[in-house]
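Submitted below is the structure of interest, expressed as structure tokens.
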Protein chains: 2
Amino acid sequence: MSRSKTTDKNPIPSVWARERRRADQPALSREAIVREAIAMLDADGIEALSMRKLGARLNAGATSLYRHVATKDELMELAVDEVAAEIHVPPADSPDWRAAVTEAAGSFRATALRHPWLTLVLGQAGLAYLGPNYMTFSERLAALFTAAGFPEPSRAIDAVFSYVIGMSTTEAAWLTTVARAGETESEFVARLLPTARQVSAGYDHLAAAEATTAAQAADPARLRDDKFAYGLDVVLDGLALRLPK
Amino acid sequence: MSRSKTTDKNPIPSVWARERRRADQPALSREAIVREAIAMLDADGIEALSMRKLGARLNAGATSLYRHVATKDELMELAVDEVAAEIHVPPADSPDWRAAVTEAAGSFRATALRHPWLTLVLGQAGLAYLGPNYMTFSERLAALFTAAGFPEPSRAIDAVFSYVIGMSTTEAAWLTTVARAGETESEFVARLLPTARQVSAGYDHLAAAEATTAAQAADPARLRDDKFAYGLDVVLDGLALRLPK
DNA sequence: TCTGGTCTGCGTACAGTGTGCGCATCGAAG
DNA sequence: CTTCGATGCGCACACTGTACGCAGACCAGA
């Protein structure tokens with residue numbers, strides 16, 4: 001009974017009191033919905049996206065979205081495939097396969113960090129997406145590794161990108177935590193450091209490892225870049241051993 | 001008004017009609033709550049766990065749980081740390097560091113596949129957990145890699161376990177999808193195969209890769225084991241190059 | 001010009017969710 | 001016996017995804 005929070009609902013419907021349909025707004029479309037959803041996900045994180053809020057941002061009711069998108073999960077799949085287009089994979093005839101793979105891996109990581117919800121959705125739904133952009137991403141990778149001469153390109157791809165996904169997931173989670181605290185990464189690290197030191201006090205090796213890390217904590221982003229590059233080089237070295245000479 | 005779905009709510013409260021408190025049930029406790037939560041997560045997946053259902057399984061109301069656990073997120077952290085105890089890391093004085101690391105990696109993967117929600121929560125909250133079991137897991141890893149002679153053990157650990165986490169995340173997501181379909185892995189693969197073939201028809205390299213995979217699709221679990229082992233060997237080979245001789 | 005039919009948006013409603021609050025009950029301590 | 005802190009619980013609130021059916025917009029054909 002007290003639930004009518006909306007504007008005054010005319011008791012007698014009248015044509016004259018009826019508002020004209022907005023003609024200026026370009027109308028709802030799947031593309032616009034996905035685009036706006038990505039914007040909200042980037043800005044406020046994955047749990048801030050609700051169909052009602054998304055509808056409000058498009059001057060629409062929540063349930064109107066369902067004319068263009070079957071379900072929220074489907075919307076997330078569309079969003080994932082949309083950002084998959086941002087990942088750049090060099091062409092198969094690149095002269096230096098290591099440089100090319102490094103480029104592709106870095107591009108994946110950059111995309112995952114620009115859209116920190118990406119890895120979450122991937123972890124939830126797996127890579128059974130089959131969206132067009134994800135398909136061409138995979139196809140290009142396969143072309144690249146085949147041209148590089150790997151006898152089992154899919155195994156090599158899985159090795160490299162499992163590493164890339166694992167590292168990106170961890171980094172994305174970290175960045176999300178930092179962002180939620182509303183601080184820069186350095187500030188957050190500085191504030192976290194005493195606690196971390198205290199907690200790791202009882203553990204010899206952790207304390208040692210943490211001391212060396214803390215020394216370089218002035219530029220955490222740089223540290224992450226280096227860490228990623230180091231691990232990637234490790235994987236690529238291991239793969240190089242499997243290239244037929 | 002029509003909301004009283006519960007048992008008959010006596011209009012006149014009477015001492016005689018009041019039920020005695022159950023003395024046989026061992027009462028709520030943080031340990032019991034976490035244990036039951038893990039059981040529900042394992043059985044029905046992450047989105048099937050709600051505080052109300054969890055309470056019901058413990059013969060308790062939903063809000064009773066909040067006497068022992070501050071929030072649902074905190075409960076998930078406790079669950080994660082609980083299963084972290086299942087990961088086995090060989091002692092630092094193991095004679096063969098590769099075998100020891102392979103054992104630790106395999107144990108992590110097995111745990112992640114036994115509890116497919118683990119990687120999801122890790123991806124959401126990052127490794128800033130600092131729970132006791134997770135700490136000793138990290139400590140033992142650090143000890144192992146230090147004893148193996150790595151000059152920068154934490155970088156080596158990050159390289160290996162980014163790979164392990166990435167692969168486990170993907171596998172866990174896949175297994176969750178399979179489980180939700182209510183089929184065995186082989187059945188699911190068989191049913192998926194025509195679609196996959198059709199979708200990858202327009203992509204040369206994907207089609208090629210898929211053909212070789214499909215040939216071995218009789219035993220998908222074995223295939224996953226091999227894939228994991230292959231990538232792990234790649235990473236360990238790369239790391240071995242960095243060991244001082 | 002009128003008539004249908006299809007497409008799109010929306011208001012309402014339902015069955016859930018996490019959790020804050022205050023009361024009822026308990027075992028133990030004084 | 002009284003008092004007190006710990007524990008469980010019913011209720012309520014704000015919120016979620018989405019099924020359903022109605023209303024207006026547009027367009028094809030008569």
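Proteins get letters first, then strands, A, B, ... in listed order; numbering begins at 1 in each. Please read all numbers here as calculations on a predicted model, not as lab measurements.
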- Query: Of the non-hydrogen atoms in G55(B) and L65(B), which two are nearest, and what is the gap between them?
  - Reply: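 What the structure gives for the nearest pair is N-CD1, 3.8 Å.
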
- So, is K53(B) close to the dT17(C) phosphate, meaning a side-chain N or O under 4.0 Å from OP1 or OP2?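 So the side-chain polar atoms of K53(B) do come within 4.0 Å of the phosphate oxygens OP1 or OP2 of dT17(C), strictly under.
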
- Are E171(B) and K227(B) close enough for a salt bridge, meaning some N to O gap below 4.0 Å?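 K227(B) and E171(B): not salt-bridged.
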
- Give one of base, sugar-phosphate or nothing for L49(B), where a contact means two heavy atoms less than 4.0 Å apart.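 Answer is sugar-phosphate: L49(B) comes under 4.0 Å of backbone atoms only.
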
- Donor-acceptor pair under 3.5 Å, R52(A) side chain vs dG17(D) base: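 Flag set: donor-acceptor pair detected.
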
- Separation of L28(B) atom CG from dG8(D) atom P, in whole Å?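 It works out to 5 Å between those atoms.
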
- For atom CG of L54(A) and atom C1' of dT16(D), their distance in whole Å: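 Rounded to the whole Å, the gap is 14 Å.
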
- Task: Classify the nucleic acid contact of L65(A) as base, sugar-phosphate or nothing, counting any heavy atom under 4.0 Å across all strands shown.
- Result: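 Counting heavy atoms under 4.0 Å across all strands, no contact is made by L65(A).
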
- Task: Give the rounded distance in Å between these two atoms: OH of Y66(A) and P of dC20(D).
- Result: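 Spelled out: OH on Y66(A) to P on dC20(D) is 13 Å.
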
- Task: Find the distance L58(B):CG to dT7(D):C1' and express it as a whole number of Å.
- Result: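 From L58(B) CG to dT7(D) C1': 15 Å.
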
- Query: Got a salt bridge between R30(B) and E74(B), using NZ or NE/NH1/NH2 to carboxylate O under 4.0 Å?
  - Reply: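 Result for this pair is yes, salt bridge flagged.
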
- Message: Under 4.0 Å between a side-chain nitrogen and a carboxylate oxygen: does that hold for R224(A) and D158(B)?
- Response: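 A salt bridge is absent here (no side-chain N lies under 4.0 Å from a carboxylate O).
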
- Reckon K72(B) has a side-chain N or O less than 4.0 Å from the OP1 or OP2 of dT17(C)?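 So the side chain of K72(B) is outside the cut-off, no N or O lying under 4.0 Å from OP1 or OP2 of dT17(C).
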
- Item | Value in whole Å for how far the P atom of dG17(D) lies from CD of E47(B) |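 Between P of dG17(D) and CD of E47(B): 14 Å.
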
- Message: Less than 4.0 angstrom from a charged side-chain N to a carboxylate O is my criterion; do E47(B) and R180(B) meet it?
- Response: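 Salt bridge flag = yes for R180(B) with E47(B).
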
- Gap between atoms CE and P, on M76(A) and dT18(D) respectively (whole Å):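 Checked: the CE to P distance equals 12 Å.
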
- Item | Distance, rounded to the nearest Å, where I33(B) contributes CD1 and dG18(C) contributes C1' |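 So the CD1-C1' distance, I33(B) to dG18(C), works out to 15 Å.
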
- Query: Within less than 4.0 Å of OP1 or OP2 of dC10(C), is there a side-chain N or O belonging to S64(A)?
  - Reply: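 Checking S64(A) against dC10(C): at least one side-chain N or O falls below 4.0 Å of OP1 or OP2.
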
- Query: Could you give the CZ-to-C1' distance, from R67(A) to dC20(D), as a whole number of Å?
  - Reply: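 Nearest whole value for this atom pair: 10 Å.
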
- Query: Is H68(B) near enough to dA6(D) that one of its side-chain N or O atoms lies under 4.0 angstrom from OP1 or OP2?
  - Reply: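 For H68(B), the contact criterion (side-chain N or O under 4.0 Å from OP1 or OP2 of dA6(D)) is not met.
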
- Item | First encountered from the 5' end of DNA chain D, between A70(A) and S50(A) |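 So the residue in question is S50(A).
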
- Report yes or no: is there a donor-acceptor pair, N or O only, under 3.5 Å between the side chain of T63(A) and the base of dG17(D)?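 Check fails, no donor-acceptor contact within cut-off.
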
